[in-house]
Amino acid sequence: MTEPKFHWTKQAQHHNARAGTLHTAHGDVQTPTFMPVGTAGTVKAMTMDAVRSTGAGIVLGNTYHLMLRPGAELVHELGGLHKFMDWSGPILTDSGGFQVMSLGDLRKLDEDGVTFRSHIDGSAHRLTPESSTDIQYLLDATITMCFDECPALPASYETIKKSMQLSMRWAERSRNQFKNRPGYAQFGIVQGGIEPDLRAESVEALTNIGFEGYAVGGLAVGEPQEQMFSTLDFTTPLMPTDKPRYLMGVGTPDDMLGAIERGIDMFDCVMPTRAGRTARAYTSRGTLNMKNACHIHDPRPIDPECDCPACSKHSRAYLTHLFRSKEILAAMLLTWHNIAYYQRLMRIIRQAIVDDNLTEVAATLRANWQKGDWSVDEWN
């Protein structure tokens, strides 16, 4: 029996929004999809059984952090990241390129790559397009990201242009180093800030190299939402229609809905897990702060439309008690809830695309987010 080829198939389309299936060596994933972030080989405050229970089909790991601890060689020796973290489904690994921006004070960049001082102990580590690709191979990433540089916005046109062109040279080197196997993939990353001509140049360079999928990088790095959406408006139409499109590091429910409407298929963001540790709950009526005094006596669940353990077994009063008592279970339950909400949102949007009524469903979702928490009358 031959192993499956990595590919994406489209099931339905509503205007620019697409519903499809990602076929990989580690199973199929329905798109649009949100990938919980498991930076260091764990989705913070969750077991992988809990992650699976939310309906998540693919998770993300990080090359830079796993390179530092426990080391890619050790992960490889122990059977790869899937076995190491108890996740048999697809794993996408960031290349370490985001840390080129986020750890700007701890790195030195040149044409060949980047030298980092470890944020843990100050030791020096070198990442190049070749070594990043090799580390992701050792981790057994289902989807490998090419190594890139992502400047924070706002930045000058010349700074963005220089960075994008360096990333395109690195993309070609990453591709040359990639060991292609059945069911595995490498994605190129479109850069160019909010400049239409630079985004177009980047898309052309990457499609000439040829990848199994394409990501939009360099957004959600300081620009307002309207600039992110306008950048997608002129970028996604240039990208191949038969390959998956991934918007990196995004985002809020409204960000993701708007990006899906503009043709994006895949997302990742630390927001729902970070929010789960800081008492912010995502719901079908917007966000709630579970430390607020208004929840102290509230017997209702966080969200009546959610069946996660935080909602099906516990009250708002209990969650508020846990956070005010600084109990570890608070972060566990609320993170579970937030990831469950993100996955349910993806299923709602996907079904709306299949049913060809995303416009109406999107309007209802946005209206409900604006309404805020349920009133007593609505609840009863």
- Task: Sort and list the pairs that fulfil salt bridge (Lys or Arg N to Asp or Glu O under 4.0 Å) and have at least one residue in residues 326-346, not counting sequence neighbours.
- Result: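 Of all non-adjacent pairs touching residues 326-346, those that pass salt bridge (Lys or Arg N to Asp or Glu O under 4.0 Å) are Asp303-Arg344.
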- Task: With sequence neighbours excluded, give me every salt bridge (Lys or Arg N to Asp or Glu O under 4.0 Å) pair touching residues 190-214.
- Result: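 Those involving residues 190-214 are Arg175-Glu212.
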Is a salt bridge present between [X] and [Y], judged by a nitrogen-to-oxygen distance below 4.0 Å?
X      : Y      : value
Glu360 : Arg366 : no
Asp265 : Arg350 : no
Arg285 : Glu378 : yes
Asp140 : Lys83  : no
Asp373 : Arg300 : yes
Asp148 : Arg169 : no

Is there a side-chain contact between [X] and [Y] (heavy atoms, below 4.5 Å)?
X      : Y      : result
Trp336 : Met46  : yes
His314 : Pro301 : no
Pro272 : Tyr341 : no
Leu127 : Ile135 : yes
Gln186 : Ile143 : no
Leu81  : Leu66  : yes
Trp369 : Pro253 : yes

Please round to the nearest 0.5 Å and tell me the distance separating atom [atom1] of [X] and atom [atom2] of [Y].
X      : Y      : atom1 : atom2 : answer
Asn368 : Thr283 : CG    : OG1   : 9.0 Å
Leu22  : Asp28  : CG    : CG    : 8.0 Å
Arg245 : Leu247 : CZ    : CG    : 12.0 Å

[X] (side chain) donor-acceptor with [Y] (main chain) under 3.5 angstrom:
X      : Y      : value
Thr39  : Asn62  : no
Glu223 : Val221 : yes
Ser167 : Glu149 : yes
Glu261 : Gly263 : no
His76  : Leu74  : no
Ser325 : His321 : yes
Arg18  : Thr241 : yes
Thr278 : Arg274 : yes
Asn292 : Cys294 : no
Lys243 : Phe211 : yes

- Message: Within a 6.0 Å radius of atom CZ on Arg69, are there more than 12 heavy atoms belonging to other residues, nucleotides or ligands?
- Response: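 For Arg69, atom CZ is not crowded (no more than 12 foreign heavy atoms under 6.0 Å).
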- Message: Just checking Glu111: does its CD atom have more than 12 heavy atoms from other residues, nucleotides or ligands closer to it than 6.0 angstrom?
- Response: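 For Glu111, atom CD is crowded (more than 12 foreign heavy atoms under 6.0 Å).
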Pairing donors with acceptors under 3.5 angstrom, does anything connect the side chains of [X] and [Y]?
X      : Y      : value
Asp254 : Gln225 : yes
Thr31  : Trp8   : yes
His125 : Thr115 : no
Lys162 : Gln165 : no
Asp134 : Gln177 : yes
Gln11  : Thr9   : yes
Asp49  : Thr47  : no
Gln343 : Thr54  : no
Asp355 : Gln351 : yes
Ser132 : Gln136 : yes

- Message: Could you go through Thr273 and Asn338, starting from their C-alpha distance and side-chain angles, then the distance that decides it, and tell me whether this counts as side-chain contact (heavy atoms from CB on, under 4.5 Å)?
- Response: CA-CA 7 Å; Thr273 47; Asn338 285 341; over 6 Å; no
- Query: If you look at every heavy atom in Gly96 and Phe147, which pair is closest and at what distance?
  - Reply: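 Minimum heavy-atom contact is C-CE1, 3.9 Å.
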- Item | Nearest heavy atoms of Ala275 and Leu334, plus distance in Å |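 Nearest pair, atom of Ala275 first, then Leu334: O-CD2, 4.2 Å.
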- Qualifying residues under side chain to side chain donor-acceptor pair (under 3.5 Å), relative to Asp268, sequence neighbours excluded: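 For Asp268 the side chain to side chain donor-acceptor pair (under 3.5 Å) partners, ignoring immediate neighbours, are Tyr246.
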- Audit row: Tyr282, Arg280, side-chain hydrogen bond (donor to acceptor under 3.5 Å, both in side chains) steps and yes/no: CA-CA 7 Å; Tyr282 286 95; Arg280 189 166 77 252; 3.2 Å; yes
- With ring centroids as reference points, do Tyr342 and Phe34 lie under 6.0 angstrom apart?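 Close enough - the centres of the two rings lie under 6.0 Å apart.
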- Step through it carefully: locate the ring centre of Tyr214, locate the ring centre of Phe187, and say whether they are under 6.0 Å apart.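 No.
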Cluster question for you: counting only ILVMFWY and a side-chain heavy-atom cut-off of under 4.5 Å, with indirect links fine, are [X] and [Y] together?
X      : Y      : answer
Met239 : Met266 : no
Leu238 : Leu232 : yes
Trp170 : Met248 : no
Met145 : Trp87  : no

- Phe229 six-ring face occupied by Arg262 cation (under 6.0 Å, within 45°):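 Yes, Arg262 lies over the aromatic ring of Phe229.
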- Do the numbers put Lys179 on top of the ring of Tyr137, so that NZ or CZ is under 6.0 Å from the six-membered ring centre and no more than 45° off the axis?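 So Lys179 does make the cation-pi contact.
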- So which of Ile91, Leu139, Val75 actually passes side chain to side chain contact (heavy atoms under 4.5 Å, CB included) with His82?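 The option that passes is Ile91.
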- Kindly determine whether Leu92 and Thr142 satisfy side-chain contact (heavy atoms from CB on, under 4.5 Å), including the steps that lead there. CA-CA 6 Å; Leu92 181 149; Thr142 316; over 6 Å; no
- Message: For Arg117 and Ser123: C-alpha separation, side-chain torsions, deciding distance, then whether side-chain contact (heavy atoms from CB on, under 4.5 Å) applies.
- Response: CA-CA 5 Å; Arg117 284 203 325 274; Ser123 58; over 6 Å; no
- Full working for side-chain contact (heavy atoms from CB on, under 4.5 Å) between Ser202 and Met168: CA-CA 7 Å; Ser202 181; Met168 296 307 98; 3.3 Å; yes
- Aromatic ring pairing His26/Tyr184, orientation class (parallel under 30°, perpendicular over 60°, tilted between):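 Ring orientation of His26 relative to Tyr184: perpendicular.
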